[in-house]
Amino acid sequence: MPPRQTPARLFAVPPTFLCPSIPRQQLRTILSITKPIPKPSRFNASPHLPVLGTSHTAALARKSRTLPLRTGALAIKKGMTALYDTESAKRTPCTVLQLDRVQVLGIKTRKEHGYWALQVGAGTKEARNVTRPERGHYAKQGVPLKRHVAEFRVKDEAGLIPTGTNLTADLFSVGQYIDAKANSRGMGFAGGMKRHGFHGQPASHGNSLTHRAMGSAGASQGSGSRVLPGKKMAGRMGGEQVTVQSLRVMSVDRELGIVVVAGAVPGPKGCVVKVQDAIKKPWPDAVWPPTEVVEAMREGVEKVPAAA
Amino acid sequence: MSVTPSTTRPLANLKQAIRQCRAERAQHRRHYAAATESLYPSLQTRYPPPTPGFRPSQAIKQNRFEIGLRKIPVIPPPPSTAKAVPDPIASLTSLQLSTLDPASFRRRLFSALNPDRARVGDILLVRLKSGEPFSGVCINIRARNSPIDTAVLLRNNLTRVAVEMWFKIFSPGVSGIEVVRRKEGRRARRAKLYYMRLPKHDIGSVEGVTRTYLRGRQGGAPTGGGGGANKGKKKSKN
């Protein structure tokens, strides 16, 4: 699109301090007509009163037990393999998750947004395939473009990490537990037997063309002469977010960028997985970022030139 | 503004005719451009003139959509671990095998490149870290996508009861695998010898063969054949 030309002014208006009575704008807006609505007085919020249930304080208190203390990371599911324990000869099937170009892109604070969170990105993207508003966001934060972006909520400001920090595989330690969230494999339009575990009909004994059908959809007049809403039927299955909790981290390799977790993780190979400390296990003691990373960042982080 | 065409065109001089034609066409083009410039100022292009041989698709490829707009700085991406290590599972497997099978005995015993490898139809003896050694005819070698999970299926008749057992060849619980007897006759024409479950093809118990083999090994020549099957340990009396 050709660039828009700025509308030409009829005359140059002198600055406000010289002639305050001249109206600045020729436009009429809501704010020019009405006064802003005054904020209600916080008569019900006081140190002497119990905390109101609809406040940010109460909401964060409710969630404080299940919010992790520190951030998670975005990883790509590379596939499954097995790990053998040399002493006990036990075989553990594992999933390999690889962290690729994972960085902290931004911070959400209670003051501005009402909660504490970190915006994390992974991968990369062609600049010409990223919209200008999005590109502006990355430029303002001083981070490269990312393909996958997600937020990781944390309990409080102690879990926040400076923008631009590289999150590597040693964010997680061997022996800790993690929760993995990913979009499950899509099964397409699945029938009742696959989707809800219906038992189908007999394979023989005179059954004609009705081996995997749903059968009845409900009672008759007594059940309202209709099919009740929410009746389990065939339909699209899979392709939705699934969380697998409390997966043990079997191995971590910083050079390969991999976190090997015991068990299976939802999604196909190549899908992006949100990995965070398990909420149903004791919080790990690990502190991130480690001291050497913080020192390196304090010494010399390249400053991005301001947007023109 | 109309153009007066040249009046005389000598047909005999072809070169001159072509030159005059070209000049006329150029004149036409220039006049037309001048006309549009004066009539429609809003249609003037704000882009630099196109490169010779310009096609609309080239505009898209040359990414000319942001000319005249403010330039937004883009920070280059950091180095990628996914590009540096595209197959982390293979790296993990080789790392594991360096501890589980450091001298590659087990790998070579089942490697397709080894002419003396263990095949289906051979009688194998598997020694375990804890428990009785198990011998049987190998009816399946399962080497799927994950090499670390390669396994063999051995079939034997223990007191007239057929028993089939799977063994992961790289498991630390498997201390040794030996080839007791190669398949007699021609090589098996199948990869999976499930027909051996039928009484017609069932070879029955391999206890006799195994006992002979073990006796032969103890008193006879040092281990030479078998393609380096075992780890070189001296076999104790069973």
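In what follows, chains are A, B, ... by sequence order, proteins preceding strands, each numbered from 1. Because only heavy atoms are used, hydrogens play no part in the values below, and waters and symmetry mates are left out as well, while side chains stay in.
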So what's closer than 4.5 Å to chain A heavy atoms on P147(B): side chain, backbone, both or neither? neither

Please find the pair of heavy atoms, one from K129(B) and one from E87(A), that lie closest to each other, and give the distance. NZ-O, 3.0 Å

Need one label for R91(A): side chain, backbone, both or neither, based on atoms under 4.5 Å from any heavy atom in chain B. side chain

For P77(B) and P144(A), work out which heavy atoms get closest and say how close. CA-CB, 3.7 Å

Given the rule in the side chain to side chain contact (heavy atoms under 4.5 Å, CB included) test, do Y84(A) and I148(B) qualify, once you have shown the distances and angles that lead to the verdict? CA-CA 9 Å; Y84(A) 290 101; I148(B) 199 82; 3.6 Å; yes

Toward chain B, the part of A82(A) with a non-hydrogen atom under 4.5 Å: both

Under 4.5 Å to a heavy atom of chain A? For S146(B) that would be side chain

Part of T124(A) lying under 4.5 Å from any heavy atom of chain B: side chain

If you look at every heavy atom in D100(A) and S80(B), which pair is closest and at what distance? OD1-OG, 2.7 Å

Under 4.5 Å to a heavy atom of chain B? For I76(A) that would be neither

Hey, can you pull the donor-acceptor pairs under 3.5 Å for the side chains in residues 248-263 of chain A, sequence neighbours left out?
{"from": "D253(A)", "atom 1": "OD1", "to": "E255(A)", "atom 2": "N", "distance (Å)": "3.0"}
{"from": "D253(A)", "atom 1": "OD1", "to": "L256(A)", "atom 2": "N", "distance (Å)": "3.2"}
{"from": "R254(A)", "atom 1": "NH1", "to": "T168(A)", "atom 2": "OG1", "distance (Å)": "3.3"}
{"from": "R254(A)", "atom 1": "NH1", "to": "D170(A)", "atom 2": "OD1", "distance (Å)": "3.3"}
{"from": "R254(A)", "atom 1": "NH1", "to": "D170(A)", "atom 2": "OD2", "distance (Å)": "3.0"}

Write down the atom of L92(B), the atom of V96(A), and the distance for their closest heavy-atom approach. CD2-CG2, 3.9 Å

In plain terms, say whether D87(B) and K78(A) are close enough for a salt bridge, that is, a side-chain N and a carboxylate O under 4.0 Å apart. no

So, using side-chain hydrogen bond (donor to acceptor under 3.5 Å, both in side chains) as the criterion, who are the partners of R119(B) when residues are at least two apart? none

